[in-house]
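Here the structure is a predicted model, which is why all the values come from computation and not from measurement. Naming convention: chains lettered A, B, ... in sequence-line order (proteins, then strands); numbering from 1 in each chain.
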Amino acid sequence: MNIEGKIKENIIEAFQKIYSSEIPEKLIQIQKTRKEFIGDFTVVVFPFLRFSKKSPELTAEQLGVYLKDNVSEINEFNVIKGFLNLKFLDSFWIDFLNTTLLEENYGFKQAKEDSEKIMIEYSSPNTNKPLHLGHVRNNLLGYSVAQILKASGKNVMKVNLVNDRGIHICKSMLAWQKWGNGQTPETSHLKGDKLVGNYYVKFDQEYKKQVATLINKGISADDAKKQAPLLVEAQKMLLKWEMKDAETIALWEKMNAWVYKGFDETYNKLGIDFDKVYYESETYLLGKAIVAEGLKNGVLIKKEDGSVWADLTKDGLDEKLLLRADGTSVYMTQDIGTANQRFSEFNIDKLIYVVGNEQNYHFQVLALVLKKLGYSWADNLFHLSYGMVELPNGKMKSREGTVVDADDLLNEMIETARETSEELGKLDSYSDEEVNNVVETIALGALKYFILKVDPKKNMLFNPKESIDFNGNTGPFIQYSYARIKSVLNKAKNQNIKQTENVSNKIKINEKEISLIKLIFDYPSTIIEAADSYSPALIANYIYDFAKEFNQFYHDCTILKEPDINIRNFRLILSDMVGKIIKSSMSLLGINVPKRM
RNA sequence: GGUCCAAUAGCUCAGUUGGAUAGAGCAACAGCCUUCUAAGCUGUGGGUCGCAGGUUCGAAUCCUGCUUGGAUCACCA
């Protein structure tokens, strides 16, 4: 049994023996003792007062005496107000550390065949523009949550749904046809996604000119937007695409291929991957049959013009269109179809969508409609809704050119990391290739940590003028702590100081050392909590506290020059364990750690 | 207007089943490298937890109302 269970059991016994009363287990709160008090675990006694019928202090005192007599691990206790602080024997913590050394992947649970199966969809880019900072948050979140879920013992399948069709793609295609002069990524020396994105912008510019001209001729703004020849032409192109016109399909395939190549480069650099990629061009017709079925069952309604709707007004929402009057489907229809397909094809238990909070309403409607249609798994959809990345002057707007491009940002971070490394002279003896590797690891660590340490559901601010920090609560700070550990372990090896298998539990350990062991103790439950709440931020905060604690230990305690061999050995083993956990927890954020920096 | 989300130090953020004197980082100031990496460590200053009620032994946390900011309510995706 774990130690908290043991304490709880003894508290219940204590109340039977001292007060002859039964206290419900759920009233027992055991929390970590705060730093400013002496102790390891704290029992809050306020909820027990109606059973003990004594003052908080006396209840805590009597409970403390009982626990100390009956729980062998407890060394001493103290009472402050209604809080009973329990201090454990050093040997308890050393024994605990020794057990963790035996574990292959401490903190991680291995998924089994019958473990919960979760599909997580993230990234989901449009093929008409390059990835920007908002996509970066999406990608990092999706990848990290997948890692965390795996570590918590789930079977995880990462998928991407690429929006490769629709009017917006046709806009880029049309602009390229008109003004491209056959330009390709090779001739323009541009990444494919950038090149295609440029033509999307070009379309918008020319379209606006046309609209303005029409308005000058006295046409209303609404009509002008609909009648502009470029838009009409793009719509015609979409129709041709849907009729599988060979020339249109060929152009579409060519330009999408450019984009995918560009995306893959960015994904590679970010360290993001997928187990399966879906394309909307292959899924956009799904869902129509389900809608027809719903219509037959009377769950959905058909209007006079032939369009099909879900009436959600009784649920406090509006009516939602599912099929247009001409019978074509909308996004919602497709999502209904793909969700159904995924649950039946892969027998998944849960489907997570990593999508920005601007689509909260969409997913609310999706779950509700699926439920009305009678799908039992409708409750197992989860919209992992994350906040927008804002700039100091508000949202990113592609039209105003305030978008922070993902590739540009990465390159800038790498250059900053390089300059800092050169200033500090840390990598002077490294080859160019080694320097490049380390500098990229640091830059990515800084960016990923910066984004993931913020609670996903909150909006976050990014100021491009103040480049992301490398000091304080940052990725590089944690990476640096790791590099220090590696350096000490290396020196130990070179000096022929060998670590023993485990630690003697006879030694006396200090406060910093106990704090570190307690944080090691917290690691498994932190992973579970992060998985349950889909929050990499919990992992990030945990690692920061851990690395900070290690740096204090490192500052206060010498390791290699410690004269007591048993203590030296203990500190080496402890440092080694801290390093392993930093590495493994950073991997949950998709961040690598360098051996030196 | 309806629905949903947010508001904590000058700035960026923690604070998760309600618990002790609300914490970090950045910025400012003052210290610490002859000693395992100073991308580090230590200290000082900085708070009406948006406002007002309520529940409770106890509220940043739960409830109600209000203020402010954001998102959304398309035959867009």
Side-chain angles (χ1 to χ4, degrees), chain A residues 26 29 31 33-37 42 44-47 49-50 56 80-83 85 124 126 163 166-168 280 303 305 307-309 316-326 328-332 334-335 356-362 364-365 385 387-388 390 392 394-395 417 420-421 423-424 426 442 446 450 453-455 457-463 466 469-481 483-492 495 529 532-533 535 537-538 540-541 544-545 547-548 550-552 554-562 571-572 575 596-597:
Chain A
K26 64 177 179 196
Q29 292 178 52
Q31 45 197 233
T33 303
R34 295 175 53 147
K35 277 240 152 131
E36 55 266 42
F37 304 102
T42 294
V44 185
V45 303
F46 293 109
L49 301 183
R50 61 192 163 102
I80 296 168
K81 296 186 190 170
F83 298 91
N85 299 319
S124 310
N126 289 346
N163 182 357
I167 188 73
H168 46 291
E280 278 197 23
K303 295 205 171 173
D305 64 0
S307 57
V308 179
W309 299 72
L317 304 174
D318 298 318
E319 292 184 325
K320 182 72 196 177
L321 177 91
L322 296 176
L323 287 179
R324 296 187 184 102
D326 63 5
T328 56
S329 58
V330 292
Y331 207 73
M332 184 64 72
Q334 172 188 255
D335 270 356
N357 62 13
E358 55 202 350
Q359 291 194 40
N360 283 355
Y361 183 76
H362 174 83
Q364 204 183 340
V365 170
S385 161
M388 300 289 98
E390 288 168 343
K395 254 187 102 167
T420 309
S421 290
E423 264 170 44
L424 296 171
K426 298 269 185 178
I442 295 169
F450 178 83
K453 78 170 178 186
V454 180
D455 184 345
K457 64 175 186 283
K458 290 191 177 169
N459 288 356
M460 62 177 296
L461 189 103
F462 175 79
N463 190 341
E466 305 166 9
D469 247 303
F470 286 41
N471 300 318
N473 187 357
T474 65
F477 168 85
I478 294 157
Q479 292 172 319
Y480 177 70
S481 312
R484 278 179 144 182
I485 291 170
K486 278 291 158 198
S487 172
V488 173
L489 294 177
N490 246 331
K491 283 223 161 92
Q495 294 172 22
E529 248 181 86
D532 288 347
S533 53
S535 176
L538 294 182
N541 288 321
Y544 174 65
D545 288 341
K548 194 175 160 62
F550 177 80
N551 277 312
Q552 288 170 12
Y554 180 90
H555 182 265
D556 292 355
C557 309
T558 99
I559 301 170
L560 298 177
K561 291 189 177 155
E562 167 57 44
R571 288 181 180 163
L572 270 173
S575 301
R596 185 178 148 187
M597 68 182 272

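Looking at heavy atoms from C-beta onward, Asn163(A) lies out of side-chain contact with Ser124(A) at the 4.5 angstrom threshold.
Scanning atom types as modelled, no donor and acceptor separated by under 3.5 angstrom connect the side chain of Ser481(A) and the base of A39(B). A donor-acceptor contact under 3.5 Å links the side chain of Asn85(A) to the base of A20(B). Under 3.5 Å, the side chain of Thr42(A) and the base of A20(B) form at least one donor-acceptor pair of N or O atoms.
The residue Ile167(A) sits apart from the nucleic acid: no heavy atom pair falls under 4.0 Å. At the heavy-atom level, Leu49(A) lies nowhere under 4.0 Å from the strands shown. Note on Tyr544(A): only backbone sugar-phosphate atoms sit closer than 4.0 angstrom, heavy atoms only; bases stay farther off. Residue-level contact check: Lys426(A) touches the bases, meaning some heavy atom is under 4.0 Å from a base atom. Counting non-hydrogen atoms under 4.0 angstrom, Asp556(A) reaches nothing in the nucleic acid. Here Val454(A) lies in heavy-atom contact (under 4.0 Å) with sugar-phosphate atoms only. Among the atoms of the strands shown, only primed sugar atoms or phosphate atoms (P, OP1, OP2) are found under 4.0 Å from some heavy atom of Tyr361(A). Residue Pro47(A) is classed as a base contact, given a heavy-atom separation below 4.0 Å to a base. Across all strands shown, Ser421(A) has heavy atoms under 4.0 Å from base atoms, whether or not it also approaches the sugar-phosphate.
For the pair Asp469(A) and Thr474(A), the tightest heavy-atom approach, listed with the atom from each and the gap, is O-CG2, 3.5 Å. Pairing each heavy atom of Tyr554(A) with each of Val488(A), the nearest pair is CE1-CG2, 3.8 Å.
Using a 4.0 Å cut-off, some side-chain N or O of Asn471(A) falls inside it from OP1 or OP2 of G40(B). Contact check, Gln552(A) against U42(B): a side-chain N or O comes under 4.0 Å of OP1 or OP2. Distances shown here put a side-chain N or O of Arg324(A) below 4.0 Å from the OP1 or OP2 atom of C76(B). Between Tyr331(A) and A77(B) there is no side-chain N or O to OP1 or OP2 distance below 4.0 Å. Taking only side-chain nitrogens and oxygens, Lys453(A) never comes nearer than 4.0 Å to OP1 or OP2 of G25(B). Side-chain nitrogen and oxygen atoms of Lys458(A) include at least one within less than 4.0 Å of the OP1 or OP2 phosphate oxygen of A7(B). Contact annotation: Ser487(A) reaches the phosphate of U37(B) (side-chain N/O to OP1 or OP2, under 4.0 Å). Residue Arg34(A) has a polar side-chain atom (N or O) positioned under 4.0 Å from OP1 or OP2 of G23(B). Between Lys491(A) and U37(B), a side-chain N or O to OP1/OP2 separation shorter than 4.0 Å is present.
A28(B) and U64(B) have their C1' atoms separated by 42 Å, given to the nearest Å. The separation of U17(B) from U61(B), taken at their P atoms, amounts to 13 Å, rounded to a whole angstrom. Between A59(B) and G50(B), the two P atoms lie 15 Å apart (nearest whole Å). One P atom belongs to U16(B), the other to C4(B), and the distance between them is 24 Å to the nearest Å. Spacing between U3(B) and G15(B) at atom C1', rounded to whole Å, works out to 29 Å. Going from the P atom of C5(B) to that of C41(B) covers 38 Å, rounded to whole Å. Distance noted for atom C1' between A9(B) and A22(B): 11 Å (whole Å).
In textbook terms, a nucleotide whose glycosidic angle is within 90° of 0 is syn, and C33(B) is one such case.
Not less than 6.0 angstrom separates the ring centroid of Phe83(A) from the ring centroid of Phe37(A).
Under the 3.5 Å distance criterion, the side-chain polar atoms of Ser307(A) are left unmatched by any main-chain donor or acceptor of Lys303(A). Looking at Ser421(A), its side chain does come within 3.5 Å of a backbone N or O of Ala417(A) through a donor-acceptor pair.
Base-pair partner of C29(B): G43(B) (Watson-Crick or G-U wobble, both distances under 3.5 Å). Of all nucleotides present, none satisfies the Watson-Crick or G-U wobble test against U56(B) with each distance under 3.5 Å. Within the shown strands, nothing qualifies as a pairing partner of C36(B) under the Watson-Crick or G-U definition with both distances less than 3.5 Å. Checking A7(B) for Watson-Crick or G-U wobble geometry (two distances, each under 3.5 Å) identifies U67(B) as its partner.
Nearest-nucleotide assignment on RNA chain B puts the 5′-proximal partner with Phe477(A), out of Lys320(A) and Phe477(A). Map Asn126(A) and Gln29(A) each onto its nearest nucleotide of RNA chain B; the residue landing nearer the 5' end is Gln29(A).
Here C13(B) is the nucleotide among C13(B), G40(B), G19(B) with the atom lying nearest to any side-chain atom of Leu461(A).
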Steps toward side-chain contact (heavy atoms from CB on, under 4.5 Å) verdict (Met460(A), Glu390(A)): CA-CA 6 Å; Met460(A) 62 177 296; Glu390(A) 288 168 343; over 6 Å; no
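Salt-bridge formation is detected for the pair Asp455(A)/Lys457(A): a Lys NZ or Arg NE/NH1/NH2 atom is positioned less than 4.0 Å from an Asp or Glu carboxylate oxygen.
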